[in-house]
Number of protein chains: 2
Amino acid sequence: MPKKSAATTHRVVSSSEAHQASAPIAHAAKMERRPTINDVARLANVSKKTVSRVINESPFVREETRNRVAAVIKQLGFTPDPQARGLAFRRSFRMGLIYDNPNAAYVINIQEGALGALRKSGYELVVHPCDRTSPEFLSDIEQLVTRQKLDGVILLPPISEDDSLAALLKSLKCPYVRVLSAPLDEIENLVLSRDRESAEQVAEHLVQLGHTRIAMIAGPASYRSSHERLAGFSRALTERGLSLPPEFVIEGQYTFESGAACADVLLSRNPRPTAIFAGNDETAAGVYRTAYLRGFKIPDDLTVIGFDDSPLASRLCPSLTTMHQPIRDMGRTAAEKLMARVANLPGPTPSASTFMPRLVVRESSGPPKPPRVT
Amino acid sequence: MPKKSAATTHRVVSSSEAHQASAPIAHAAKMERRPTINDVARLANVSKKTVSRVINESPFVREETRNRVAAVIKQLGFTPDPQARGLAFRRSFRMGLIYDNPNAAYVINIQEGALGALRKSGYELVVHPCDRTSPEFLSDIEQLVTRQKLDGVILLPPISEDDSLAALLKSLKCPYVRVLSAPLDEIENLVLSRDRESAEQVAEHLVQLGHTRIAMIAGPASYRSSHERLAGFSRALTERGLSLPPEFVIEGQYTFESGAACADVLLSRNPRPTAIFAGNDETAAGVYRTAYLRGFKIPDDLTVIGFDDSPLASRLCPSLTTMHQPIRDMGRTAAEKLMARVANLPGPTPSASTFMPRLVVRESSGPPKPPRVT
DNA sequence: CTGAAAGCGCTTACAG
DNA sequence: CTGAAAGCGCTTACAG
């Protein structure tokens with residue numbers, strides 16, 4: 001009480017007096033205690049409400065006052081306490097990142113992209129790995145959102161594809177951004193990767209190389225991107241006078257093991273494919289494995305294409321031709337969209353929220369052998 | 001005011017009256033507002049302080065009272081607001097995870113291990129990737145710790161090796177746990193990986209296979225683990241009557257590229273080594289690359305051993321023999337140590353905080369050719 | 001443009 | 001074993 005009343009009642013003292021009076025306190029503050037809005041108010045000779053206005057960039061502060069307060073803030077190294085701020089604002093300044101994705105590089109990159117955008121705006125990121133096959137999946141997330149009072153959440157595939165989750169978040173009035181491979185929601189709620197359209201680049205690349213017996217190991221049916229990549233690839237081949245016959249399409253699981261198993265089936269076909277488009281890089285690594293075990297040389301005997309451009313792609317021998325996604329940028333964009341929505345500001349445009357994966361040609365692709373064209 | 005005073009002043013009403021009186025409010029709460037400690041207090045017909053005691057498991061509550069309050073808490077689905085709790089406790093219930101480590105799988109695993117332990121105790125994890133080469137490195141972290149009022153931080157290598165950072169945290173009175181490959185601090189502050197001792201397993205393995213010309217690509221001198229792995233490996237070879245000659249030891253950077261470059265040098269030696277212990281899996285992948293380009297078959301022409309057992313290790317062809325670390329467990333242990341320290345409880349013992357990497361033998365290791373023993 | 005009061009949802013003293 | 005008051009550090013709504 002004494003300290004407090006001293007601060008508030010005697011505010012009329014001159015600025016220099018205030019300095020003197022508070023010198024020892026300021027010193028103690030520097031050493032033991034973070035400066036609070038009250039310290040700033042006292043030293044700047046204004047009310048804490050005015051300090052609050054300066055912090056929150058209210059236009060209703062005289063410039064001179066603003067400068068004076070800003071100077072004290074800087075001198076003290078004051079930053080508002082996020083918890084107190086959150087409590088008073090009835091907002092948490094916290095965003096969630098919810099994922100159930102085994103690809104560590106993907107998650108880390110999204111996370112760092114989002115973190116980069118959030119940090120400078122004073123938001124925190126609450127990371128929430130989860131298990132979408134668990135019966136508590138939805139209730140866990142409901143708990144997370146309500147307990148932590150999340151201001152918004154970023155959903156990564158495959159849970160971003162779950163409409164019941166999106167509905168739940170909507171009912172909780174929790175803004176969300178879904179990182180998705182197809183426009184399954186309003187663009188406002190999306191960071192979109194145009195997997196379908198981009199798969200055309202793979203088709204074009206293989207056709208250019210002269211392949212005609214082309215196979216694909218699709219991702220699991222439960223992933224939307226599986227369908228997108230397959231549909232786009234198939235259509236693009238057809239448009240080029242080729243086709244993706246049923247015996248050359250197998251459903252994998254986006255995993256190393258499934259890639260190996262599916263490749264084993266494909267390479268037993270007669271005639272066998274001369275090129276395999278794997279659903280992702282993990283699957284492609286599985287194809288490498290089977291080729292290695294069966295003595296097929298890549299790319300001489302077999303061309304392999306992946307998707308993701310994960311670190312793995314460049315570490316395989318031969319290095320893997322694959323589709324590159326700007327994952328970090330997608331994470332940053334997702335965070336920016338969320339913050340813009342919360343602040344009721346425009347934010348990234350639809351086109352800035354749409355990403356087109358691009359082909360990175362490496363060593364795993366080459367012309368078919370024996371050459372078709374003599 | 002009206003709502004509040006009604007709640008506090010009329011607390012003497014019977015439990016059923018309280019129920020009736022608050023029914024509409026309770027309903028509204030369910031729909032629009034999270035229940036607060038006041039709602040619980042009113043319905044349980046106790047003061048909020050008593051509710052607080054129940055939440056915090058104070059022994060000074062009569063069992064009957066505790067049960068009544070607990071029932072209401074359950075019925076309402078009440079959970080304390082972390083921000084309000086943090087503000088009042090003068091604690092944030094937040095731990096930091098600070099890293100500057102390019103290995104995504106490593107970071108994700110530590111993170112998920114830590115998250116698993118923290119979540120059930122109501123702690124959050126603030127993830128903070130950083131750049132230790134930046135001039136603001138230390139001040140950034142100081143800002144992070146003070147602004148977020150972190151209750152503790154987990155430091156991953158290589159920044160866990162930075163004594164000035166540890167000193168800074170100590171001066172900020174911020175408990176920390178360093179994930180380290182050597183006991184550079186009191187065990188209380190450590191989750192320890194015994195890299196030096198574990199490297200003996202690699203030596204033993206190579207000796208068993210019959211190798212005599214053995215090389216190592218060490219990690220960068222700026223990583224403590226580099227020295228540990230090198231020292232342990234070298235000593236173990238010596239103990240077995242072999243040696244690690246200077247021309248067979250090169251400093252790499254723990255990266256794919258450096259692994260390839262160092263392998264190129266080593267494989268140009270005459271005689272060349274028949275086995276290379278790479279500092280980590282990334283480096284080993286670089287060795288694979290050079291072997292691939294120069295036409296060396298692994299393991300027939302060259303045995304390669306890695307360290308980490310990252311996902312990459314099993315995806316390479318041939319699969320990579322490497323040292324496995326229980327990274328997730330290490331993350332969990334780090335979080336548990338931190339929470340125990342904050343709560344002033346025992347926590348994981350020194351031996352539970354010490355992890356011994358173990359050899360996983362895969363396809364990349366075999367006897368040398370031409371065989372030494374005829 | 002500025003401030004005094006009340007409140008966010010919890011806890012810490014301090015009483016009983 | 002239990003509670004009334006004051007406080008954590010900020011903001012909202014209301015005045016001027």
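Because only heavy atoms are used, hydrogens play no part in the values below, and waters and symmetry mates are left out as well, while side chains stay in. Letters A, B, ... mirror the listed sequences (proteins, then strands); counts begin at 1.
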From [atom1] of [X] over to [atom2] of [N], roughly how many Å is that when rounded to an integer?
X: B/D39; N: C/dC8; atom1: CG; atom2: P; value: 11 Å
X: B/F89; N: C/dC8; atom1: CZ; atom2: P; value: 20 Å
X: B/I55; N: C/dC10; atom1: CD1; atom2: P; value: 6 Å
X: A/K48; N: D/dG9; atom1: NZ; atom2: P; value: 10 Å
X: A/Q148; N: C/dG9; atom1: CD; atom2: P; value: 16 Å
X: B/R91; N: D/dG9; atom1: CZ; atom2: C1'; value: 18 Å
X: A/N67; N: C/dC1; atom1: CG; atom2: C1'; value: 14 Å
X: A/R68; N: C/dC1; atom1: CZ; atom2: P; value: 14 Å

Inset, instruction - Would you mind classifying the nucleic acid contact of B/F93 as base, sugar-phosphate or nothing, using non-hydrogen atoms under 4.0 angstrom? - result: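 Touches nothing.
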
Inset, instruction - Pick base, sugar-phosphate or nothing for A/F60, based on heavy-atom distances below 4.0 Å to the nucleic acid. - result: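 If one applies the 4.0 Å heavy-atom cut-off, A/F60 turns out to touch a base.
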
Legend entry - Contact nearer the 5' end of DNA chain D, comparing A/Q83 with B/S58: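 Going by which nucleotide is closer to the 5' end, it is B/S58.
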
Legend entry - Nearest-nucleotide comparison on DNA chain C, the residue closer to the 5′ end among B/L87 and B/K49: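 Closer to the 5' end of DNA chain C: B/L87.
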
Legend entry - DNA chain C: 5'-proximal contact among A/V61 and B/T79 (nearest heavy atom):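 So the residue in question is A/V61.
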
Inset, instruction - Choose from D/dG9, D/dC1, C/dC10 the nucleotide whose nearest atom is closest to any side-chain atom of B/T36. - result: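 Shortest atom-to-atom distance from the side chain points to C/dC10.
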
Inset, instruction - Measure from the side-chain heavy atoms of A/D81 and tell me the nearest of C/dG3, C/dT2, D/dG9. - result: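 Looking only at side-chain atoms, A/D81 lies closest to D/dG9.
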
Look at [X] and [N] and indicate whether a side-chain polar atom (N or O) is within less than 4.0 Å of OP1 or OP2.
X: B/T50; N: D/dG3; value: yes
X: B/N56; N: C/dT11; value: yes
X: A/R90; N: D/dT12; value: no
X: A/S52; N: D/dT11; value: yes
X: B/S47; N: D/dA4; value: no
X: B/T65; N: D/dT2; value: yes

Legend entry - Side-chain heavy-atom pair B/P35, B/Q75 within 4.5 angstrom cut-off: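 A side-chain contact is absent here, since even the closest heavy-atom pair is not under 4.5 Å.
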
Legend entry - B/A117 backbone acceptor or donor facing B/R332 side chain under 3.5 Å: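 No; zero donor-acceptor contacts below 3.5 Å.
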
Legend entry - Donor-acceptor under 3.5 Å (B/K337 side chain, B/L190 main chain):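 Checked: pair present.
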
Inset, instruction - Name the pairing partner of C/dA4, where a pair is Watson-Crick or G-U wobble with both distances under 3.5 Å, or state none. - result: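 The answer is none; no pair meets the criterion.
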
Legend entry - D/dA13: pairing nucleotide in any strand, Watson-Crick or G-U under 3.5 angstrom: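 With both distances under 3.5 Å required, D/dA13 matches none.
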
Inset, instruction - To the nearest 0.5 Å, tell me how far B/D140 CG sits from B/C130 SG. - result: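 With rounding to 0.5 Å, CG (B/D140) is 8.0 Å from SG (B/C130).
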
Inset, instruction - Output the distance between atom CG (A/L43) and atom CZ (A/R68), rounded to the nearest 0.5 Å. - result: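 With rounding to 0.5 Å, CG (A/L43) is 11.0 Å from CZ (A/R68).
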
Inset, instruction - Report yes if a donor N or O on one partner sits less than 3.5 Å from an acceptor N or O on the other, where the partners are the side chain of B/R53 and the base of D/dG3; otherwise report no. - result: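 A donor-acceptor contact between them is present.
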
Inset, instruction - Compute whether any side-chain donor of one residue and acceptor of the other, for A/R341 and A/N189, lie under 3.5 angstrom apart. - result: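 Yes, A/N189 and A/R341 have a side-chain donor paired with an acceptor closer than 3.5 Å.
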
